[in-house]
Every structure is written in C-alpha cells, then in structure tokens.
Asker: 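Please find one structure pasted underneath; my questions will follow.
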Protein chains: 2
Amino acid sequence: MSNGTFTAIGTRPVRHDGVDKVTGRANYGADLSLPGMLHAVVVRSPHAHARIRSIDASAALKVPGVKAVVTGRDVPLIDAKLGMGEGAMDLKDMSDNLLAREKALYHGHAVAAVAATTIGAAREAAALVRVEYEVLEPVLSIERAMAPDAPILHETMRTHARPAVDDKGPTNVAGRMELRRGDVEAGFAEADVVIERVFHTPTSHQGYIEPHACVARVNEDGRVSIWTSTQGPFLVRDATAMMLGLDAANVKVTPSEIGGGFGGKIPVYLEPLAVVLARQTQRPVKMVMTRDEVFRATGPTSATTIRMKMGARKDGTIVAASASLYYEAGAYRGSPSGAGAMCALAPYSIPNFFIEAYDVVVNKPKVAAYRAPGSPMAALATESLIDEIGRTLGLDQVAIRLKNAVKEGDLAPYGPPYGRIGFREVLEQVQQSAHWNSPKAAGTGRGLACGFWFNAGMSSSATVTLGADGSAAVVTGNPDIGGTRAAQALMVAEELGIPVERVRPSVADTDTAGFTEITAGSRTCYATGMAVVEASRHVREQLRARAAKMWNVPVEQTRWEHGRVVPVEAAEGRQPLTVTEIASKLAKTGGPIIGSASVNPPMAGPAFAAHICDLAVDRETGTTRVVRYTAVQDVGKAIHPSYVEGQMQGGASQGIGWALNEEYIYDAGGVMQNAGFLDYRMPVASDLPMIDTILVEVPTPGHPYGVRGVGEVPIVPPLAAVANAMADATGVRFTDLPLSPPRVLDALAQQA
Amino acid sequence: MSNGTFTAIGTRPVRHDGVDKVTGRANYGADLSLPGMLHAVVVRSPHAHARIRSIDASAALKVPGVKAVVTGRDVPLIDAKLGMGEGAMDLKDMSDNLLAREKALYHGHAVAAVAATTIGAAREAAALVRVEYEVLEPVLSIERAMAPDAPILHETMRTHARPAVDDKGPTNVAGRMELRRGDVEAGFAEADVVIERVFHTPTSHQGYIEPHACVARVNEDGRVSIWTSTQGPFLVRDATAMMLGLDAANVKVTPSEIGGGFGGKIPVYLEPLAVVLARQTQRPVKMVMTRDEVFRATGPTSATTIRMKMGARKDGTIVAASASLYYEAGAYRGSPSGAGAMCALAPYSIPNFFIEAYDVVVNKPKVAAYRAPGSPMAALATESLIDEIGRTLGLDQVAIRLKNAVKEGDLAPYGPPYGRIGFREVLEQVQQSAHWNSPKAAGTGRGLACGFWFNAGMSSSATVTLGADGSAAVVTGNPDIGGTRAAQALMVAEELGIPVERVRPSVADTDTAGFTEITAGSRTCYATGMAVVEASRHVREQLRARAAKMWNVPVEQTRWEHGRVVPVEAAEGRQPLTVTEIASKLAKTGGPIIGSASVNPPMAGPAFAAHICDLAVDRETGTTRVVRYTAVQDVGKAIHPSYVEGQMQGGASQGIGWALNEEYIYDAGGVMQNAGFLDYRMPVASDLPMIDTILVEVPTPGHPYGVRGVGEVPIVPPLAAVANAMADATGVRFTDLPLSPPRVLDALAQQA
C-alpha cells in the first residue's frame with residue numbers, strides 16, 4: 001500500500017531498543033540486584049481446595065539466613081476496587097490471591113513468603129513452613145461448579161447478574177449477563193438450515209518467556225521503590241499502595257524491560273509481598289517466579305464451554321443465533337465471559353440473537369487477560385458454525401461472511417453503531433489474496449475464520465523534548481512490549497519532520513512519566529500514540545512562536561508545513577525554517593522547548609481480522625502441521641508495518657498453539673500435570689510456517705493517523721481457522737480443543 | 001521573617017532525597033557496576049612541562065586482563081566550542097586536557113588510559129606504559145609566566161584582549177580585559193586617604209568529597225550510555241559527542257547523585273576516555289579517580305596576584321580605585337579573572353575606577369569554576385582596603401560601606417544599572433545584628449566583609465504531572481546538589497496547594513528531561529525553579545479547564561484561588577474544587593494532566609552578602625580559631641530556608657578554609673606536595689563554630705517568587721572577613737593567604 005502523505009509513518013526503521021534486546025543487554029525483571037538484597041520465595045498450597053487451619057513458621061525462621069516469614073495475618077484484607085466500572089479490579093480478591101487467608105483455592109495458591117539472604121536458604125525454609133490444612137473437594141469443571149451439590153469456593157459469593165436474579169445463596173456462578181436482539185425463535189423458524197454444537201476450550205497460558213520478577217525496597221521514611229516486569233507500572237503502584245494501606249505518592253515503580261505479557265502481566269502477584277518483606281527486614285527483597293510457579297499460580301485464560309446455535313437461509317443470510325457461554329474464572333470472579341458474549345457475533349449483522357454468558361469460579365488459578373480476552377473461544381463457536389453452514393449450503397466461505405458482515409452504521413451486538421470499520425475490506429482482501437486463490441496442496445485442508453476485538457483507549461501521557469541539535473526525545477509510561485518505542489519515535493519524526501533515528505524514545509518510571517494506563521487492550525500505539533502526537537504538536541506550536549520571533553512577526557503570520565515553519569506572507573529574510581534551524585537558535589529565542597500532552601479517548605477503532613489456514617494431518621500419528629497461513633487485518637494505519645506484521649504473526653502463532661496443543665492437564669485432585677515448557681506444548685519456530693500478512697488500512701476516525709490497535713485481534717480467528725481447516729482436511733467437525741494427536745487419532749478412528 | 005502569603009514556600013520539610021543520602025543508599029558516580037565491565041586508569045605525566053616524544057604501550061598490553069590502551073592518537077583534536085559567547089567552552093583545550101597530545105602541561109596531565117578486567121591489572125599496566133619525554137622548564141607563577149624570557153606553554157597562544165592589543169607573538173597571557181569609569185587620577189587627587197596593597201591567594205580546591213567517576217557503554221549500533229557524577233549531564237553529552245565526533249542524539253547521559261561539585265564537576269575529564277575504551281573493547285568501562293588524581297588533575301581555582309589602590313574622602317566616600325588582577329588559568333586559557341574584575345567593586349558606587357584583569361597560563365592543572373569563580377580573591381583586595389581605610393579614618397565598618405553601597409539604578413561596574421537589589425538591607429541587618437552589637441570576647445578580633453555575585457539564568461525545562469490521588473511529580477534535568485529537589489517540590493506544592501510530601505521530585509537523564517543547563521551559577525532554584533513554577537501553572541490551567549467541564553461552564557468562568565478552582569459566579573453545584581477533588585475525576589474529564597515548561601531568563605537577581613567574623617590567634621603556635629561567624633545575605637526569597645542557610649554556612653566554611661589553611665604546595669619542579677586531605681587542610685566540623693545566618697529577602701523582580709541564587713555569594717566575603725578580623729586581632733594587615741600558622745607566626749615575629 002502507498003504511504004500516502006506520510007514521510008516517517010509507514011517506514012520500517014530498526015527499533016530503538018533492538019540492539020539492547022538482541023545482545024542480551026536489556027534489563028528484565030530479574031536483572032536488578034541491590035546491595036544487601038534478600039531473596040524471597042513463596043510457600044504454596046499443595047491442595048486445590050483446602051481450609052487453612054494454622055501456619056507455623058517457627059522451624060522456617062530457624063534456618064540460618066532467614067530474615068522474615070509473612071502470612072495472610074501480616075496483610076489485612078481490604079475491601080476496595082481499583083479503577084471504575086466494569087474494568088475495576090477487585091483488590092480484596094487480588095490480595096487474597098496474593099496470600100490465602102481462610103482457604104487455599106487452587107494448587108499453588110500462595111500461603112506464605114520467606115525472605116532470606118540466599119535463595120537456597122529461602123527455599124529450605126519455605127519447605128519447613130508447616131501449614132495445617134483441612135482438605136476440601138476441589139471444583140475442577142464448570143459442570144461440577146454449577147451442580148446443585150457443588151462445593152462452594154466462596155461462602156459470600158452471589159451472582160452479579162444483568163438482568164438481576166434472585167439471591168439464591170452461595171454459588172460458584174460469579175456472574176451472568178445477557179445480550180439479545182429481535183425474536184430468536186421467529187428467526188430460527190425462518191432458517192433453512194440450523195446447526196447447534198457445544199464447544200470446549202482448555203485452560204491455556206500466555207506463555208511469556210520471562211517469569212514474573214521484582215525487587216522492592218522500603219526506605220526508613222516509608223518511601224517504597226519497586227522494580228518489576230509489568231504491563232502497568234502505575235497499576236502496580238496503585239494496587240500495591242491500596243492493598244498495603246500506603247499512600248501511592250510514596251511508591252515509585254520502575255518498569256523493567258518486559259519479556260512478554262499478553263495480558264498476564266497486568267495482575268499483581270509478587271510486589272506487595274516483596275514490599276512487606278522489605279519493610280519487615282529493612283533490606284531490599286527480590287522475588288523471581290520459577291516456570292512451574294508461572295503455570296500454577298499466575299493467570300492463564302479461561303477454559304470454556306460454549307453451546308451455540310445458528311440458523312441461516314439458503315442464500316447464506318444468518319437469521320438467528322443463540323449462545324450460552326460458560327467461562328472458568330479460576331479461584332476468583334472475573335472471567336472474560338462478558339467480552340466473549342459481546343465479541344461472539346460482533347462481525348455479523350444478525351437480526352435475532354440471544355447470548356447469555358456465565359462467569360464461574362473453580363479451584364484453578366484466577367484467570368488473567370490473554371490477548372483479546374474471551375473472544376477467541378467465542379469465535380471458535382461462531383466461525384465453526386458459519387463454516388459448517390457454508391459447507392452445508394455449498395456457499396463460498398468468503399461470500400457467506402461478506403453477506404452478513406457488519407458495516408458502518410450497523411449496531412454492534414453490545415449496543416452502539418459501528419463507526420468506520422474495515423471488515424468488508426478485510427474479506428475482500430481475502431477474496432483477492434494469493435493464498436485464497438491458490439489450489440490446496442494435496443492432502444491439505446483449508447479453513448477461513450474471522451475475529452473481532454474492541455480495542456481500548458484510556459488515559460495516556462507523553463512528553464516530547466527538542467534538543468538544540470534538532471533531535472528530539474519522547475517519554476511515556478508504557479512498558480514497550482510490541483515495539484511501541486519505535487512507533488512513538490516514528491510519530492515524533494512525522495510530526496516534527498526529523499529523522500526517526502534522531503528521536504530517542506524512553507519508558508519512564510511512575511515518578512517521571514505522566515499517568516498512563518497499562519500496556520494492554522491494543523491501546524498503546526493508539527492512545528499513548530495520540531498523546532505523543534499531541535505533545536509533538538505542542539512542540540510545533542512553540543516552534544512556530546520561535547520562528548515568529550526570529551522573523552519579528554506575530555505567530556499568526558506563520559504556519560506549519562511539511563516539517564518546516566513557513567511564513568504566511570513571503571518577505572525579505574523569511575525563508576522557511578526547518579526544525580533543526582529553529583532548534584539551533586533556541587537559546588537565543590527563549591530557551592529549550594518541551595511539549596506535553598495527555599489524552600483519554602473514550603473509544604478506539606474496533607479491529608477485524610480474517611485468517612486463512614492450510615494444514616495437513618498425519619493420519620498415522622494424529623499430528624497436524626500448518627503448512628500455509630495468512631492473516632488479513634484492518635490495522636487502521638500501520639505506524640511501523642514490520643511490528644504490526646509481528647503482532648499479527650505472534651497472535652496467529654499463539655492461536656495456532658492453543659488450537660493444536662496447548663492445555664492445562666489436571667489430575668483428579670486439581671494438580672496441574674504439565675507445568676513446564678516440555679509438557680505444556682507451545683509451538684516453536686520449527687512448528688510453524690512463515691505467517692503471511694495482509695495489512696488493510698481503513699483509518700479510525702478521530703485518530704490523527706487513523707491508527708487501530710493491532711495486538712489482540714490476531715489471536716481471535718486461529719482457533720476456528722484451524723478447526724475449519726481440520727474439517728476440510730478430515731471431514732470431522734472438531735468442537736473440542738486442542739486438536740492434539742490423541743484427540744485427532746480418536747476422531748479419525750471413530751470416522752473410520 | 002513572615003512567610004507572607006505563601007503556604008509551602010518558606011517552610012522546612014525534610015528533603016525528599018534525604019533518607020537515601022544519610023543511609024548511604026543513594027547511588028553516586030562510583031556506585032554503578034555493569035556485567036562484563038572493565039576498569040580503566042589514567043597514565044599521568046610525571047613532569048609539569050614536557051614534550052611527549054613517544055608512547056609505547058606494548059608492555060602494558062601484555063599484562064593479563066588488559067583489553068585496551070588509548071593515547072592522544074586515538075582521539076583527534078577538534079577545533080570547536082560548546083556554547084556561545086564568553087561562556088563558551090573550548091573543546092580543543094578540553095580534549096587536549098583529556099589526553100595530552102604534543103606536550104604534558106602539568107604534573108598529572110593524562111597521557112594515556114588503560115582498560116582491564118580488574119583495577120589491579122589496569123594499574124599494573126598503566127605503570128608499564130613507556131612515555132619518552134623531553135622535560136621543559138615549568139612555569140609555576142604569574143611572575144614567571146609573564147617574564148620576557150618565560151618558557152611558552154602554547155606556541156599558538158595570543159592574548160585575547162579587550163581593548164585589542166597588537167599581536168606580540170607567543171605569550172602565556174591568554175587574556176586581558178579592562179573596565180573603567182570616570183577619571184581615576186583626578187579621583188585619587190580628591191582623596192584624603194589612598195592605600196595601595198598587593199594581595200596573593202593560593203591555588204585552592206573545591207574539595208568535594210566524591211571523586212570524579214563514570215561508567216560508559218557503547219552499543220553495537222553506536223549508541224552511547226554514560227553514567228556519571230556531574231553538574232551538567234547535557235554538557236557531558238554534548239561535549240563528549242563533539243570531542244569524539246558522535247551525534248549527541250546517540251548519547252544518553254544519566255547523572256548519578258553528586259557528592260559535591262562547587263563548579264569542579266562542570267568540566268569533562270573521564271567520560272570521553274571511557275567511551276573510547278568502551279568502543280574499542282565492546283565492554284562497559286568504569287573510571288574512578290583517586291583523591292590524589294582529583295587534586296593533581298582536576299580544576300582547582302586560580303592562584304591570584306591582585307594589586308589594588310583605593311582612595312577615599314575623610315567622610316568615607318570612596319572616590320577612586322584602580323586594580324590589576326592576575327589570575328592563573330592553569331595549563332589552558334580560562335581563569336575567572338574577568339569575573340573577578342567585574343565583581344571587585346560591584347558592591348560600591350565609585351565614580352572613578354580602572355580595572356585590568358589578566359588570564360595567565362602556567363604549568364598547573366587547568367582551573368575550574370569554584371563557587372562565585374574569581375570573586376572571593378577580588379573581594380579580599382577590595383574589602384581589605386575598605387577595612388584599612390575605615391580604620392585609618394576611624395569610621396564604623398558598616399557605616400563606610402553603607403555610604404558607598406550600590407542601590408537600585410546605580411550602574412554596575414560592568415555596565416548595566418542594578419535592578420532591585422538588597423545590599424543596603426543586608427548592611428542594615430548587620431548593623432542591627434546581635435553579633436555586630438555584641439562586645440568582642442577577650443583576645444579576639446572582629447572583621448566585616450562584603451561580597452557580590454551575578455547569579456545566572458540560562459535554559460531550564462521542567463515537567464509536572466498530576467496523579468488521580470492529587471499527588472504530583474516534578475521532573476528536571478539538574479543534578480541535585482544543594483537540595484533543589486526539595487525546593488522544586490515546595491514550588492509545586494505552593495502552586496497546586498497540595499502538601500509538599502505528596503510531590504515527588506526526580507532528576508532525569510538526558511533522554512527524559514527537557515534540555516537544562518548545568519547545576520551551577522546559583523541558577524537551579526532560580527531558573528529551573530521558574531520552569532517548575534511555569535509547568536505547575538500549565539497544570540493549573542488544565543485544572544481550571546477540568547473544573548469548567550465539571551461545572552459545564554466556559555473556562556473563563558473559573559479562576560484559581562489558594563489551591564482551588566473557584567467559580568467566578570457562584571451557582572448551584574459549583575463549590576470550589578481542590579486539586580485533589582478535580583484529580584479524582586481526571587479519568588472522566590479528559591484523562592491525566594501533565595504540564596511542561598521551559599525558560600531562558602536572560603538575567604538573574606544579583607546577590608550581596610556581608611559576613612562578620614570573630615577570631616582568636618594563638619600567638620605561640622600561630623593557630624587561628626574562628627570563634628563566632630555570622631553570614632547575612634539577600635536571598636530574594638528563601639524557598640526552603642534550611643537549605644539556603646546550609647548554602648550560606650557551606651560557602652562561609654569553604655571561604656574560611658581558603659583564608660586560613662588551604663593551598664596547593666608545589667615543589668620547584670611543579671609537583672604538588674600535599675595532594676591528600678591529610679596535608680591539604682580543609683576545615684572539618686570541629687574546626688568551626690556554628691555559622692549563624694540572617695536571611696534578607698528583597699525579591700528579584702520578574703521571578704514569580706523573587707528568588708535569587710544563593711549558593712555562590714557566601715564564599716565571597718570570608719577571605720576578607722577573616723583577614724580583617726586578623727588585622728583587628730593582631731594589628732597586622734595580612735595580604736597573602738592562607739593565614740596558616742607559619743605565616744602568622746612570621747608576621748607576629750616581625751611585628752615584635
């Protein structure tokens with residue numbers, strides 16, 4: 001695609017943080033050490049569901065080098081929420097997850113933490129912390145959780161329901177919500193074909209390479225410093241302060257480089273424990289999770305059960321759909337079932353639908369966000385049914401989707417009308433793509449699936465400074481996960497008309513950056529980018545004022561044009577001035593220039609994607625190999641196309657892994673059996689083909705460049721794309737993931 | 001004094017960086033270590049003046065662990081200046097000082113640097129670097145330097161002179177300037193008393209506790225990171241980049257905490273060497289000076305010879321003065337002789353004067369700035385002569401000074417008229433002070449002396465961010481030497497009406513802070529403070545806009561009043577809103593708030609001080625003990641009075657040390673004999689009484705709070721105050737410093 005009127009935006013410079021990262025020089029969460037630092041480890045429950053009768057740390061405290069043991073008694077539970085509305089975090093739950101108080105709610109739930117001068121002493125002591133448990137029956141599935149005789153995880157739990165339901169006493173159903181439109185029964189009555197299926201997806205983990213890690217220090221005056229690998233330094237600051245009853249103004253959080261997060265590094269697991277231990281010992285305290293702990297005690301995404309029914313006319317018009325979504329929340333309320341319900345039918349304009357979504361607690365780790373949380377599982381159901389309807393009716397898979405695709409002005413299933421969106425453009429690109437138009441290789445199947453994600457806006461701040469040499473620096477508060485430093489530098493370069501190599505992007509700590517929400521929700525390039533653009537324009541205003549001073553004219557007699565200040569009226573001695581020319585005179589025209597801006601866009605441009613998957617199944621071993629894969633996506637405007645492509649490739653890869661192999665395997669007692677990368681089978685480079693990408697650019701109105709968030713939607717289609725390709729390859733309609741060799745062999749055996 | 005209408009300004013909170021500093025937790029220049037780091041040491045000339053014939057590093061390179069040796073050959077000399085006008089730094093000289101090329105110009109001049117895996121290996125190898133010298137006669141005094149047959153340090157040196165002089169060929173006189181007014185001869189003819197004396201002051205060092213130290217890293221892509229103890233991170237960045245031919249946009253400098261500077265941590269001594277070694281070795285390189293190196297190879301202040309003549313009428317009116325100032329520059333041009341000339345008579349309105357000032361190179365380390373550079377030596381001459389005239393005429397020492405004191409509208413000797421200044425108010429406070437009105441203790445003498453310093457403005461930037469909890473953070477680029485973080489926090493607290501404890505001040509690196517000149521010239525609280533106030537007001541503007549949004553009125557319908565936004569017209573639902581109330585709604589009213597500002601005030605309010613010194617001399621040992629000391633100063637407005645008092649006490653202490661004991665003692669070959677704190681005798685706490693302070697607050701017009709710089713002028717009066725007290729105590733007029741026991745005993749013996 002053409003780069004339009006842009007000069008920097010849309011180019012592909014080497015990322016500014018690249019050399020540090022590829023040489024191993026970048027500092028991640030575990031890379032900081034402080035003089036006198038202690039090492040702390042967490043004592044975790046060996047039971048998935050158990051009442052804690054007593055904790056005896058006396059033996060542990062006798063281990064040489066041990067300086068402190070903390071338990072739930074050291075951190076009073078607070079009843080508070082962080083943030084507003086639906087997105088608010090329940091800090092009481094987060095705190096109880098941090099350290100179990102009354103009950104251990106999953107295998108691996110923290111019950112105590114031990115700080116010692118060496119990691120060895122800390123581990124030795126942790127093994128000596130004696131916890132007396134009353135073991136309870138674990139609740140390990142949605143079915144069991146919702147059974148009338150199910151053990152109850154939280155005696156105080158009532159269902160948060162919209163519409164409201166009568167208080168039925170203790171329950172494991174944390175929430176229920178509904179969406180509806182039209183008359184579903186009448187709709188199904190109109191349909192020529194109606195298909196209903198039940199889908200199951202397993203618990204799967206984000207699989208970030210870097211485990212959670214932090215160092216905390218507490219000064220004698222109570223000031224707290226935390227270094228941590230997080231998606232949200234301000235969130236860590238505020239959540240830690242609130243959970244511990246500190247003034248957030250006394251807490252400084254410095255984000256390290258982050259080795260992946262995908263939503264999983266939003267919750268707070270270690271930092272308050274490290275602060276409490278540091279406060280007790282007056283020593284810095286470091287905590288680093290093992291991979292085993294990351295699997296057992298941080299938030300994967302929900303396992304789900306989805307029953308969906310869809311009806312269509314012979315021409316492919318979908319006339320009705322109904323769905324019941326059940327999402328595991330893990331040990332505390334808060335699965336993305338609501339998001340799943342809102343996303344499930346979002347790409348299609350369906351006159352009659354009913355969706356209900358349940359948030360169900362079970363004795364597994366509390367789920368965390370995972371890239372477009374809740375949407376991929378819902379899309380598996382929707383896109384599998386459309387695929388099946390298309391096959392049943394003999395319709396082209398692109399055509400049936402185009403017939404039903406939402407367009408500007410259509411109401412989203414969750415309420416408001418869509419603005420300018422690019423779903424039809426995405427489908428048209430699929431239709432024209434080399435991949436879609438190529439013949440399938442012998443023995444392969446091909447599947448198509450689409451996906452939707454909202455994308456987020458939220459609060460962001462940025463500062464842009466200009467040097468006398470005409471170079472610039474930009475400072476924000478978002479840990480750089482997907483190349484946002486490079487994107488921000490490109491925006492400054494674009495706005496100021498200077499080379500991107502001369503823009504220095506920095507991620508600052510919470511005392512230095514303006515308040516900025518988490519790096520998540522595909523919001524960083526969008527919302528923080530808007531702040532960067534605004535801050536750059538604040539610099540431009542000042543450049544105009546300086547040029548006006550140099551020409552001795554009112555500022556209104558200047559205008560900005562292609563990286564220069566230009567006089568409105570040409571006159572003697574008024575040649576257009578570049579940024580570098582104005583910068584070289586800063587000291588004489590009023591001093592340095594610094595620009596700043598903050599934004600809080602209420603909405604962002606939604607993202608749509610369509611993926612094409614070709615795969616081959618080895619009928620002897622049941623092994624499935626993706627042989628060709630193309631991701632097509634409306635990205636609004638690609639600031640740095642390589643990193644947009646990287647997001648699309650990364651999301652597709654994670655989705656393919658989820659579809660084919662990844663799953664938490666539990667024993668009957670609720671103990672995860674595969675808590676390591678040898679047994680939890682994520683795809684590695686050799687497992688996948690190059691993921692091809694097609695970028696569609698339908699700009700988001702209201703954003704200066706039309707950016708859409710791009711990081712999440714690429715994980716939405718792959719589950720269904722793989723399942724649909726499997727149906728094409730084998731004739732078997734798989735509804736349960738993962739499509740691992742044993743399940744595939746079983747299905748093929750039944751088929752035979 | 002009353003705090004006027006201020007709430008935060010003028011209070012004395014504990015400094016924000018205090019706990020880290022008193023617990024030893026703060027990180028100074030030598031506290032950073034990086035993985036794989038090398039240690040580098042400098043090979044220094046054993047001769048004060050010598051031509052370098054050859055350097056052979058082959059033996060050094062064979063020492064196990066040695067990775068690189070650099071000499072002048074590795075760093076081409078550039079012909080460039082950093083900055084503009086008089087204050088510009090000559091980077092060619094700075095570079096030649098960094099590593100001698102043709103000649104070693106002082107004992108300790110760097111000729112090579114060695115990097116090795118351990119400091120031991122580096123030292124061993126440094127001793128093996130073979131340098132062949134042709135030893136030249138060293139020039140060790142102004143007299144010798146200006147003698148017709150003197151050896152010439154720089155064959156290319158010509159005198160920078162105003163008025164211009166004919167080119168007389170090679171010279172050691174780097175510069176000469178004149179100031180004049182009226183008719184000096186006619187003035188002296190009018191005088192009833194004329195006194196002329198010649199004064200000598202020795203080379204003395206700032207004596208900062210922390211030696212120079214840095215770590216440099218060079219990435220594979222050429223990006224450079226430097227951590228260093230400096231007064232000017234942006235200066236280190238720009239000077240290093242220019243000397244090494246790098247793009248400053250690729251250099252990031254992070255200032256460490258700084259253990260004192262007083263002007264001596266403005267020049268660049270180590271950083272470019274560390275960068276060159278890091279580039280050659282592809283390893284981080286650390287350099288830390290020893291105390292010996294600090295004395296021998298960093299910039300002390302000038303030794304001086306000042307001949308001054310002053311004439312007055314019987315009533316004390318000074319009618320004429322003439323002075324010849326000779327300041328040693330050390331090995332390269334750039335003594336503060338010009339500043340000395342401008343300050344010498346600045347406190348007094350004298351109708352006829354002539355001053356000439358010489359900048360003279362000698363074979364000693366290049367001088368650096370030292371607190372009010374050049375002014376204390378000049379004040380020694382001026383204030384000694386006024387003291388002697390006062391005694392001769394039988395006039396009160398305050399009265400004679402008040403009679404001649406400059407006031408608003410008087411022309412400064414260097415040109416412009418004074419604005420609002422507080423010298424008379426200072427003298428009136430002396431007159432009313434308990435100290436001045438107390439009887440002298442038996443056996444003690446009392447001296448009074450005054451002093452002047454310009455104070456600087458220059459470029460500064462600041463960012464202020466507001467949190468949703470109503471707390472704020474302020475970010476600047478000035479290393480915090482004298483409590484500027486606390487002062488900046490007070491300014492933000494004042495502007496926003498929030499507690500100072502809830503303001504978090506940070507010193508940021510050059511990629512994060514807006515461009516800001518050095519922490520020097522008493523400019524930080526003044527100019528950077530102005531930027532902080534402006535940035536806070538930028539926040540206030542936004543707070544008004546948010547309040548307007550909350551009230552649904554135009555912003556013009558709001559005003560700021562005592563830390564709140566108040567509706568211009570009272571109405572239902574429009575109660576005044578505090579910052580905290582508005583902050584709690586930020587997410588709903590448009591997102592976070594960030595304010596920024598930069599300033600470049602052309603001038604600052606000049607500072608005047610008067611010190612009273614009581615001392616006792618032990619006639620047997622020659623030991624002098626200051627028994628009472630009061631510093632009175634016009635501080636404009638004391639933001640944090642304790643730290644203003646601390647500056648006054650620190651400056652007075654340094655001045656007393658300079659007056660009584662401090663001096664570089666050289667042997668005939670130009671080798672310093674006392675390069676350590678045991679032999680270079682700085683006063684310690686037990687040597688001094690508590691320094692009393694009286695703060696006079698005559699606001700500087702144009703500054704939002706009327707701040708004047710306060711850090712430098714307190715070192716100006718002590719030399720003369722001590723000498724005048726000595727004259728009072730002993731009847732001997734001392735004109736040569738220091739007043740060390742041998743010199744005092746000699747004088748007393750001659751008197752007897």
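Note that the coordinates shown come from a computational prediction; the quantities given were computed from them, not determined experimentally. Here is how names work: the chains are called A, B, and so on, in the same order as the sequence lines, proteins then strands, and each is numbered from 1.
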Asker: Using heavy-atom distances under 4.5 Å, tell me whether A:S506 contacts chain B through its side chain, its backbone, both, or neither.
Answerer: side chain
Asker: Which one of A:R217, A:K252, A:E501 has the most heavy-atom pairs closer than 4.5 Å to chain B?
Answerer: A:R217
Asker: Pick one of side chain, backbone, both or neither for B:A597, based on which atoms fall under 4.5 Å of a heavy atom in chain A.
Answerer: backbone
Asker: Is it the side chain or the backbone of B:D20 that comes within 4.5 Å of chain A heavy atoms, both, or neither?
Answerer: both
Asker: If you define the side chain from C-beta out and look only at heavy atoms, does anything of A:H538 sit under 4.5 Å from B:S596?
Answerer: yes
Asker: So which residue, A:I593, A:V14, A:D511, ends up with the most heavy-atom pairs under 4.5 Å with chain B?
Answerer: A:D511
Asker: Side chain, backbone, both or neither: which part of A:T589 has a heavy atom under 4.5 Å from chain B?
Answerer: neither
Asker: For B:T23, is it the side chain, the backbone, both, or neither that has a heavy atom closer than 4.5 Å to a heavy atom of chain A?
Answerer: side chain
Asker: Using heavy-atom distances under 4.5 Å, tell me whether A:A531 contacts chain B through its side chain, its backbone, both, or neither.
Answerer: neither
Asker: Of the listed residues (B:A527, B:A249, B:G514), which shares the most heavy-atom pairs with chain A below a 4.5 Å separation?
Answerer: B:A249
Asker: Contact part of B:A462 toward chain A, heavy-atom cut-off under 4.5 Å: side chain, backbone, both or neither?
Answerer: backbone
Asker: Decide if atom NZ of A:K21 counts as having more than 12 heavy atoms of other residues, nucleotides or ligands within a radius under 6.0 Å.
Answerer: yes
Asker: Need one label for B:S598: side chain, backbone, both or neither, based on atoms under 4.5 Å from any heavy atom in chain A.
Answerer: both
Asker: Give the member of A:D247, A:N219, A:V474, A:L34 that has the highest number of heavy-atom pairs under 4.5 Å with chain B.
Answerer: A:N219
Asker: Taking every heavy-atom pair that is under 4.5 Å apart, which of A:D221, A:L466, A:D238, A:L586 has the most such pairs with chain B?
Answerer: A:D221
Asker: Determine whether A:V19 and B:R223 make a side-chain contact, defined as any pair of heavy atoms from C-beta on separated by less than 4.5 Å.
Answerer: no
Asker: Could you walk me through whether A:I594 and B:T463 pass the side chain to side chain contact (heavy atoms under 4.5 Å, CB included) check?
Answerer: CA-CA 8 Å; A:I594 180 166; B:T463 311; 3.3 Å; yes
Asker: Which residue out of A:G591, A:P592, A:A535, A:A473 racks up the most heavy-atom pairs below 4.5 Å with chain B?
Answerer: A:P592
Asker: Heavy-atom distances under 4.5 Å only: say whether A:D469 touches chain B with side chain, backbone, both or neither.
Answerer: side chain
Asker: To the nearest 0.5 Å, how far apart are CZ in B:R504 and CG in A:N250?
Answerer: 8.5 Å
Asker: Quick check: closest heavy atoms across B:T512 and A:T512, and the distance to 0.1 Å?
Answerer: CG2-CG2, 3.3 Å
Asker: Please check if the side chain of B:N600 supplies one atom and the backbone of A:A587 the other of a donor-acceptor pair under 3.5 Å.
Answerer: yes
